[in-house]
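Report on the structure given below.
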Amino acid sequence: MPMRNIMSHNILIGGFIQNGDLDSARILFDEMPERNLATWNAMVTGFIQFEFNEEGLSLFSQMHGMGFCSDEFTLSSVLRGCAGLKAIQLGKQIHGYVMKSGFDCNMVVGSSLAHMYMKCGNMSEGERVFQGMAVPNVVAFNTLIAGRAQNGYSEGAFDQFHLMKMAGLRPDKITFVSVISTCSELATLGQGQQVHAETIKSGSDSSMSVRSSLVSMYSKCGCLEDSVKVFTEFEDDDSVLWSSMIAAYGFHGRGQEAIKLFEQMEKKDIEPNDVTFLSLLYACSHSGLKEMGTKLFNLMVDNYNLNPRLEHYNCMVDLLGRSGCLEEAEALIRSMPIKPDAIIWKTLLSACKIHKNTEMANKIAEDVLQFDPQDAAPYVLLSNIHASAKSWGNVSAMRKAMRDKKAKKEPGISWLEVKNQVHQFRRGDKSHPKWMEIDEYLKELTSEMKKKGYVPDSGSVLHDMDVEEKEYSLAHHSEKLAIAFALLNTMPGAPIRVMKNLRVCNDCHLAIKFISEITSREIIVRDSSRFHHFKHGKCSCGDYW
DNA sequence: ATAGGGTTAG
């Protein structure tokens, strides 16, 4: 086959791939009696570009088997395929080849390599690759920032954002997206507002992805009105932007608004995706909209041909369970076509707790504990159930079981921003410099609350203690410490925003209602699953959470 | 020709 024939075929293949017609590219490729590196690269990068990662990687191994040597284009693409499949073993082998062939000095290959490790969850190796770059560019920095953010190292991601600017690089919209997500995660409103200002200065604020992340950031920082502003600020939109606004409403317990938005979305012919429905189902379950949630689930399957994931089933179990249909929820878990995980059983278990169904709780606890006997959550839930049924013998049995299995409870942490500084509190943590003051104030507050009818909910305490010890323990939950600190250190009348890593317990929820009444303050608490707006002794969740 | 990003259950 003459050379010009290969070249003309390559051009044809390139054209097919550009149009996304991989089938035609494949047919032509299979017919070619002779191929060169450009032919192989077109195929490998083409398939991986359209996220047919397995096919791309299999072409790569064929290419390798026929003695072709990869260049920077092959390598960066194949590494991207490994990242998509989380194929770290293959990624490591390619890393070895990169070192041998000297491509480790290539910035594009280096970024792909760092990205591959970060996507596969190996942060430190990703960091090492980045550190090995002589002069990292914007993309390399973005890889590191996003990698840290996605691996739950938000503070580090934010620090890197500063280092990048200090190195004289201008952040682009991809940088902003990752950095804004870290502000959502940490609920650092002040920082988020600053980054928002930077996106405006650089003209990135009209970018769809930047706006989606801003909508989410403002919602998770407790400023739903600002989410709406960002959402409506520009004409153009897409399904992710709409999904983020739907999620924002759901997170604040505004199920009706979320549904209204979805109806508008349908009118405008914006195709909802699986995340849109996840957010909708979540919104329904947190607003007690059982009928609507069920309707949407069916709509998703029948009209939009979307396959429900475990997450969708979990929302449905939550929806049914919270609204008291425990049997229906259990039946759904047992009949769904996906294997249940520990999370979905725990969702049902917490519904049993809400509706005080000890019998079902005991039965399904066995299912839950099969997954991880060291997981404290099921013991804690069961213990709470027994406590509210006043069966103290079972409560101490739970505590003993926990001790025997060495199950550890995740410590509750609450934090808040005061004057752009983040203050963190742990349950009963006396090391805080203002502990004495906080403790004293909480005592005063508690006696005020009791006069108004507050009765501490001792069912929220796990350990065997006498009444006084229980009350002391409850009074020093991290969110109460944070709120007391905020009351002492902010202007009277200013709203208080507190974040917590776990769900707010029954007792704190009750207590904060009283505190909002007594101090005439609006108290906004973000826990691990939603927002609670406390005002005049009431909570926006209507005690349904 | 090649690299990085948005929404998402508990």
Side-chain angles (χ1 to χ4, degrees), chain A residues 10 14 17-18 37-38 41-42 44-46 48-49 70-80 83 103 106-116 118-119 130 136-147 149-150 171-181 184 204 207-217 219-220 227 231 238-248 250-251 272-283 285-286 308-319 341-351 377 381 502-503 527-530:
Chain A
N10 284 353
I17 287 170
Q18 264 189 1
L37 182 60
N41 274 352
V44 171
T45 58
I48 289 172
Q49 192 191 331
S70 302
D71 65 5
E72 56 183 300
F73 302 104
T74 337
L75 291 170
S76 48
S77 179
V78 168
L79 285 166
R80 183 175 162 185
F103 279 113
N106 181 292
M107 180 86 71
V108 178
V109 175
S111 298
S112 312
L113 201 49
H115 176 243
M116 183 277 297
M118 298 283 223
K119 270 278 170 200
F130 177 83
N137 63 6
V138 175
V139 178
F141 267 99
N142 286 350
T143 307
L144 184 64
I145 292 171
Q150 287 161 5
D172 64 9
K173 58 181 182 176
I174 295 181
T175 325
F176 288 130
V177 161
S178 299
V179 173
I180 293 165
S181 304
S184 315
S204 314
S207 144
M208 209 76 81
S209 41
V210 169
R211 288 166 64 208
S212 303
S213 60
L214 283 171
V215 165
S216 176
M217 185 274 289
S219 153
K220 293 199 165 157
S227 299
F231 177 65
D238 70 359
S239 61
V240 176
L241 183 65
W242 282 77
S243 302
S244 62
M245 195 60 232
I246 288 174
F251 206 65
N273 59 28
D274 57 337
V275 179
T276 318
F277 280 103
L278 198 56
S279 304
L280 279 167
L281 295 175
Y282 172 86
S285 84
H286 285 261
R309 304 196 309 251
L310 202 44
E311 288 95 324
H312 295 94
Y313 283 107
N314 191 43
C315 275
M316 287 307 290
V317 169
D318 198 44
L319 179 80
D341 64 353
I343 293 168
I344 200 164
W345 285 117
K346 278 192 263 184
T347 301
L348 183 56
L349 194 55
S350 74
L381 281 168
L502 309 174
R503 294 273 278 278
D527 72 7
S528 60
S529 88
R530 63 167 294 157

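The chains referred to below are lettered A, B, ... by the order of the sequence lines, with proteins before strands, and numbering in each begins at 1. Since this is a predicted model, take the numbers as computed values, not measurements.
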Value in whole Å for how far the [atom2] atom of [N] lies from [atom1] of [X]:
{"X": "A/L214", "N": "B/dT7", "atom1": "CG", "atom2": "P", "answer": "11 Å"}
{"X": "A/R503", "N": "B/dA9", "atom1": "CZ", "atom2": "P", "answer": "12 Å"}
{"X": "A/F176", "N": "B/dG6", "atom1": "CZ", "atom2": "C1'", "answer": "14 Å"}
{"X": "A/M107", "N": "B/dA3", "atom1": "CE", "atom2": "P", "answer": "15 Å"}

Distance from A/Q49 atom CD to A/Q18 atom CD, nearest 0.5 Å?
->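 Reported to 0.5 Å precision, the distance equals 8.5 Å.
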
Atom OG of A/S178 and atom CZ of A/F176: how far apart are they, to the nearest 0.5 Å?
->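 One finds 11.0 Å between OG of A/S178 and CZ of A/F176.
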
With a 3.5 Å cut-off and heavy atoms only, can you find an N or O donor on one side and an acceptor on the other between the side chain of [X] and the base of [N]?
{"X": "A/S213", "N": "B/dG6", "result": "no"}
{"X": "A/S112", "N": "B/dA3", "result": "no"}
{"X": "A/S243", "N": "B/dT7", "result": "yes"}
{"X": "A/R309", "N": "B/dT8", "result": "yes"}
{"X": "A/E72", "N": "B/dT2", "result": "yes"}

Just by distance, with hydrogens left out, do A/T347 and A/N314 show a side-chain donor and acceptor under 3.5 Å apart?
->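 On atom types as modelled, these side chains qualify, holding a pair under 3.5 Å.
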
Which part of the nucleic acid, if any, lies within reach of [X] when heavy atoms closer than 4.0 Å are counted: base, sugar-phosphate only, or nothing?
{"X": "A/T74", "value": "nothing"}
{"X": "A/S216", "value": "sugar-phosphate"}
{"X": "A/V215", "value": "nothing"}

Main-chain N/O of A/F231 paired with A/R211 side-chain donor or acceptor, under 3.5 Å =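 Yes: the side chain of A/R211 pairs with the backbone of A/F231.
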
